[in-house]
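Below, chains carry the letters A, B, ... as their sequence lines are ordered, and counting in each starts from 1.
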Amino acid sequence: MTRREEPFVPIRGNRVKMFVCGPTVYDDMHLGHARTYLAYDIIARFLRRAGYSLFYLMNITDVDDKIIQRASELRRDPLSVAREYERRFSEDLESLGITSVNLFARATEHVEEMIEQISVLIKKGFAYETETGVYYDVTKFPHYGELSHQDPSELIKHRVDPDPTKRHVHDFALWKKRPREEFGWNSPWGYGRPGWHIEDTAITVTYFGPTYDIHGGAIELIFPHHEAEIAQAEAFTGERPLVKYWTHTGLLTVDGEKMSKSLGNFITVREILSRYEPGVIRFYLASSHYRSPIDFKEENVAQAEQALESLRNAIDNLETIDVTESVEDSDLKFLEKARAHREEFMRSMCSDFNTPSAIAALFAFASEINRFLEREGRLNANVKNDALAILHEMTSILGIKKYRRVTELELTELYDLIRLLIDVRDALRRERKYELADEIRGRLEQMGIELEDTAGGTRWRIAGRPSSKDDDRNL
RNA sequence: GCCCGGGUGGCCGAGCGGUCUAGGCGGCGGCCUGCAGAGCCGUUUCACAGGGGUUCGAAUCCCCUCCCGGGCUCCA
């Protein structure tokens, strides 16, 4: 509300309640959506890692004009269309590694609560009924517009003609009366369906009560949606604030224009994931601060891919470094540096979840590893484990650890076979029979298997994918 | 019309009053390597839309201007 960064103090102990505006399930998720959900996924991972007990709630808008329109185009039942896209949404979240949401709450399963809230709002004089529906009288709520710095009387521009039965043009619908043949519910005000804004307050008040810690969503929702949420909830419960910390993600644009369904300039998560692995997309999006706008260019994704690869090379280097029992001064120094990089990483994340700055700390660590390896060529075993744990902590907050999507190749026989070829080739190399050795490497490469000779032995990997030794099930 | 953002070196992108440089990608040169890859070292001339101010000192604060985007239907 203050538009400033403020110290984060949860309402109760170390418990944090976070709500993020979820999707309207009538089409597939695109990169713009991914940007927002990814930002909150990282925030959630970080808060948990920082010791907070976080409950992350997201709504699913499964009743809405667009779904109904879509359903009628397809001549299908709106609810089945909603369920289908909800399922696809979950699949997309999963493939992006967005696993931090505790509970998804469907609008259609909270209609009772919405009706109750609307009844109370009418009783308290904040809402009124007309022949077309029930509306919230924004003049009754003095704080309306405070979050987005809007003066209601200045909101004069309308791209759609306001409903003529409303008292004020900016009053918003709580309940829309609709004919029987449409998808809807019975209510004290007749058959119809709820307005869009009421579902979130019904859901958050149900699960979180009158006030909670963090509310997330994209900046485009700040007005009127979030204003409406505040007006509804605070009028209903009589308590304020509804939310202690409001956060808004910046928009993803394409050629300077907002990526959106209506403009048709969107690229779906499924599409982009057919070309890049999830870690790359996560890294790309995390390379900008969550509040900043991002102008999408595929070449920048490719840039991110390069950057991520060099980071992962450093991780590989640390994982495969030779270990010794002895502890050298340089080992201790290295560990000290590793801890300092971790501190820097966490400090960045504490500063309004500054992922780009946190990533810089990660690169500093990577460079530390490579330089140490170059200089020392070995590392104490315990120090190595500690350093790897630190690295794991950092990469798992961002969710950019390596993915293993080569399940068809997980057959140990195949692994053994590749290893055999590598061993044979190494023998040839020792005998300086480079032509044959290079032919083996070349042929394997044609098959999509890349070899890389290092001081610690030959590594291999599936082209464009993380190295074989990586086994990441916990992203 | 009103309310918000944003404009940083070839590209991406932090910083938002002062210390030495953010960081990355790309380019170039070198080292290492049988070669390749990876890595390391160096380099890519004094970057901050423009103009005024405030200040000992501004990319960072104030004012004005320009450009781009978002909101005031629905939209992450």
Side-chain angles (χ1 to χ4, degrees), chain A residues 3 20-24 26-27 29-40 58 61 64-66 69 145 148-162 169-170 172 196 216-225 227 248-253 255-263 266 283-284 287-289 291-295 297 299-311 313-314 316-317 348 351 354-364 366-367 369-371 373-375 429 432-435 437-438 441-442 445 450-455 458-459:
Chain A
R3 303 257 153 149
V20 173
C21 288
T24 300
Y26 73 102
D27 209 342
M29 185 184 345
H30 62 60
L31 258 185
H33 306 114
R35 196 272 159 100
T36 293
Y37 298 131
L38 220 31
Y40 290 104
M58 183 182 284
T61 302
D64 168 90
D65 290 355
K66 283 194 173 167
Q69 192 190 326
S148 59
H149 291 209
Q150 300 282 345
D151 178 352
S153 63
E154 290 286 356
L155 300 172
I156 46 163
K157 196 165 173 174
H158 297 95
R159 284 177 277 182
V160 164
D161 291 334
V169 287
H170 27 278
F172 55 87
W196 177 46
I219 187 68
E220 64 191 351
L221 299 179
I222 192 168
F223 189 92
H225 187 235
E227 293 286 359
H248 290 100
T249 53
L251 294 179
L252 186 92
T253 58
D255 295 327
E257 270 190 309
K258 181 168 82 164
M259 179 177 283
S260 71
K261 298 284 166 58
S262 41
L263 284 168
F266 60 93
F283 184 87
Y284 166 66
S287 296
S288 297
H289 185 90
R291 280 190 278 105
S292 303
I294 298 180
D295 194 41
K297 286 196 199 88
E299 61 178 282
N300 295 340
V301 181
Q303 241 184 50
E305 190 174 37
Q306 285 303 314
L308 183 59
E309 192 183 332
S310 75
L311 217 44
N313 282 332
D316 270 352
N317 290 341
S348 295
S351 172
N354 193 330
T355 50
S357 171
I359 286 172
L362 206 43
F363 273 104
S367 154
I369 291 167
N370 289 331
R371 268 178 287 138
L373 184 66
E374 187 94 356
R375 262 196 334 262
R429 286 172 63 223
R432 303 185 161 273
K433 292 183 176 160
Y434 294 121
E435 274 176 40
D438 284 352
R441 183 171 61 188
E445 193 177 343
E450 293 172 350
L451 301 193
E452 201 178 309
D453 299 325
T454 71
T458 302
R459 287 207 296 243

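Spacing of P atoms, B/C16 relative to B/U21, comes out at 15 Å, to the nearest Å. For B/C31 and B/A36, the P atoms lie 12 Å apart once the distance is rounded to whole Å. Here, B/C62 and B/U45 have their C1' atoms 33 Å apart, quoted to the whole Å. Separation of the P atoms belonging to B/U44 and B/C4 is 42 Å when rounded to the nearest angstrom. Comparing the P positions of B/G5 and B/G9 gives a spacing of 22 Å, expressed to the nearest Å. The same atom, P, is picked in B/G29 and in B/U65; the two are 49 Å apart, to the nearest Å. Nucleotides B/U60 and B/G53, compared at atom C1', are 15 Å apart to the nearest Å. Nucleotides B/C32 and B/G23 are separated by 27 Å at their P atoms, to the nearest Å.
Using a 4.0 Å heavy-atom cutoff across all strands shown, A/G216 reaches no nucleic acid atom at all. A/N370 comes within 4.0 angstrom of sugar-phosphate atoms only, judged by non-hydrogen atoms across all strands, and of no base. Residue contacts for A/T249: at a heavy-atom cut-off of 4.0 Å it reaches no nucleic acid atom on any strand shown. At a threshold of 4.0 angstrom between heavy atoms, the contacts of A/L373 with the nucleic acid are absent. Across all strands, A/G32 comes closer than 4.0 Å to base atoms (heavy-atom distances). No contact: A/M29 has no heavy atom under 4.0 Å from any strand. Among the atoms of the strands shown, none is found under 4.0 Å from any heavy atom of A/K261. A/R429 comes within contact range of at least one nucleobase, with a heavy-atom separation under 4.0 Å. Using a 4.0 Å heavy-atom distance criterion, A/T24 is classed as a sugar-phosphate-only contact.
In the set B/G13, B/G71, B/A36, B/G71 carries the atom at the smallest distance from any side-chain atom of A/F223. In this structure, of B/A14, B/G34, B/C74, it is B/G34 that holds the atom nearest to the side chain of A/Y434. The side chain of A/D438 lies closest to B/G34, out of B/C74, B/G34, B/G37. Out of B/A76, B/A36, B/C12, the shortest distance to the side chain of A/D453 is found at B/A36.
Regarding A/K258, its NZ atom lies at a distance of 18 Å from the P atom of B/C68, rounded to whole Å. Atom pair A/L251:CG and B/G70:C1' shows a separation of 6 Å (rounding to whole Å applied). For A/F172 and B/C72, the CZ to P distance is 14 Å, given to the nearest whole Å. In this structure, A/R432 places its CZ atom 12 Å from P of B/U33, rounding to the nearest Å. In this structure, A/H225 atom NE2 and B/A76 atom P are separated by 10 Å, rounded to whole Å. Residue A/D295 contributes atom CG, which lies 13 Å from atom C1' of B/G70 at whole-angstrom precision. Between the P atom of B/G13 and the CG atom of A/L362 lies a distance of 19 Å, rounded to the nearest Å. Atom OH in A/Y284 sits roughly 9 Å away from atom C1' in B/C12 (whole-Å rounding).
The backbone N or O of A/F363 lies less than 3.5 Å from no partner atom in the side chain of A/S367, so there is not a single donor-acceptor pair. Of the possible polar contacts, one joining the A/T253 side chain to the A/I294 backbone as a donor-acceptor pair under 3.5 Å is found. A/R35 contributes a side-chain N or O that, together with a main-chain N or O of A/G250, makes up a donor-acceptor pair within less than 3.5 Å. Using modelled atom types, one side-chain atom of A/S310 and one backbone atom of A/A307 make a donor-acceptor pair closer than 3.5 Å. No donor-acceptor pair closer than 3.5 Å links the side chain of A/N370 to the backbone N or O of A/A314.
Partners of A/D453 according to the side-chain hydrogen bond (donor to acceptor under 3.5 Å, both in side chains) rule, which considers only residues two or more places apart in sequence or in another chain, are A/R425, A/R429, A/T458. The salt bridge (Lys or Arg N to Asp or Glu O under 4.0 Å) check on A/D65 picks up A/K176, A/R193, with sequence neighbours excluded. Applying the side-chain contact (heavy atoms from CB on, under 4.5 Å) criterion to A/P356, with sequence neighbours excluded, gives A/H289, A/N354. Under the ring pair (Phe, Tyr, Trp, His ring centres under 6.0 Å) criterion, A/F172 pairs with A/Y136, A/H197, sequence neighbours left out. In terms of the side-chain hydrogen bond (donor to acceptor under 3.5 Å, both in side chains) criterion, residue partners of A/Y40 (sequence neighbours excluded) are, by chain and number, A/T247. Applying the side-chain hydrogen bond (donor to acceptor under 3.5 Å, both in side chains) rule to A/S288 yields no partners; only residues at least two apart in sequence or on another chain are considered. Residues meeting the salt bridge (Lys or Arg N to Asp or Glu O under 4.0 Å) test with A/E452, sequence neighbours left out: A/R459. Residues satisfying the side-chain hydrogen bond (donor to acceptor under 3.5 Å, both in side chains) test with A/T36, not counting sequence neighbours, are A/T249.
Considering all non-hydrogen atoms of both residues, A/F223 and A/S148 come closest at CD1-OG, 3.3 Å. A pairwise comparison of heavy atoms in A/K297 and A/Y284 identifies N-OH, 3.8 Å as the closest pair. Closest of all the heavy-atom pairs between A/D295 and A/N300 is O-ND2, 4.2 Å.
Pairs of Watson-Crick or G-U wobble type, with distances under 3.5 Å, assemble into runs of 3 or more in RNA chain B at these ranges: B:1-7 with B:66-72, B:10-12 with B:23-25, B:26-31 with B:39-44, B:49-53 with B:61-65.
Taken to the nearest 0.5 Å, the CZ atom of A/R371 stands 10.5 Å off from the CD atom of A/E374.
With hydrogens and angles left out, the side chain of A/R441 and the base of B/A36 share a donor-acceptor pair within 3.5 Å. In terms of polar N and O atoms assigned as donor or acceptor, the side chain of A/R371 never comes within less than 3.5 Å of the base of B/G39 in a complementary pairing. The base of B/G39 has none of its N or O atoms less than 3.5 Å from a complementary donor or acceptor on the side chain of A/N313.
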Step by step, would you call A/E220 with A/K258 a side chain to side chain contact (heavy atoms under 4.5 Å, CB included)? CA-CA 10 Å; A/E220 64 191 351; A/K258 181 168 82 164; 2.9 Å; yes
Write out a two-atom table: protein N or O, nucleotide N or O from nucleotides 62-64 of chain B, distance below 3.5 Å.
none

Pairs: protein N or O with nucleotides 15-17 of chain B N or O, under 3.5 Å:
residue : atom : partner : partner atom : Å
B/G15   : OP1  : A/N354  : ND2          : 3.0

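Taking only side-chain nitrogens and oxygens, A/H149 never comes nearer than 4.0 Å to OP1 or OP2 of B/C3. The side chain of A/K297 places no N or O atom within less than 4.0 Å of a non-bridging phosphate oxygen (OP1 or OP2) of B/C11. Checking the phosphate oxygens (OP1, OP2) of B/G5, no side-chain nitrogen or oxygen of A/S292 falls inside 4.0 Å.
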Heavy atoms under 4.0 Å is the rule here; annotate nucleotides 19-32 of chain B 5' to 3' with B where the base is hit, S where only the sugar-phosphate is, and - elsewhere. ---BSBBS------
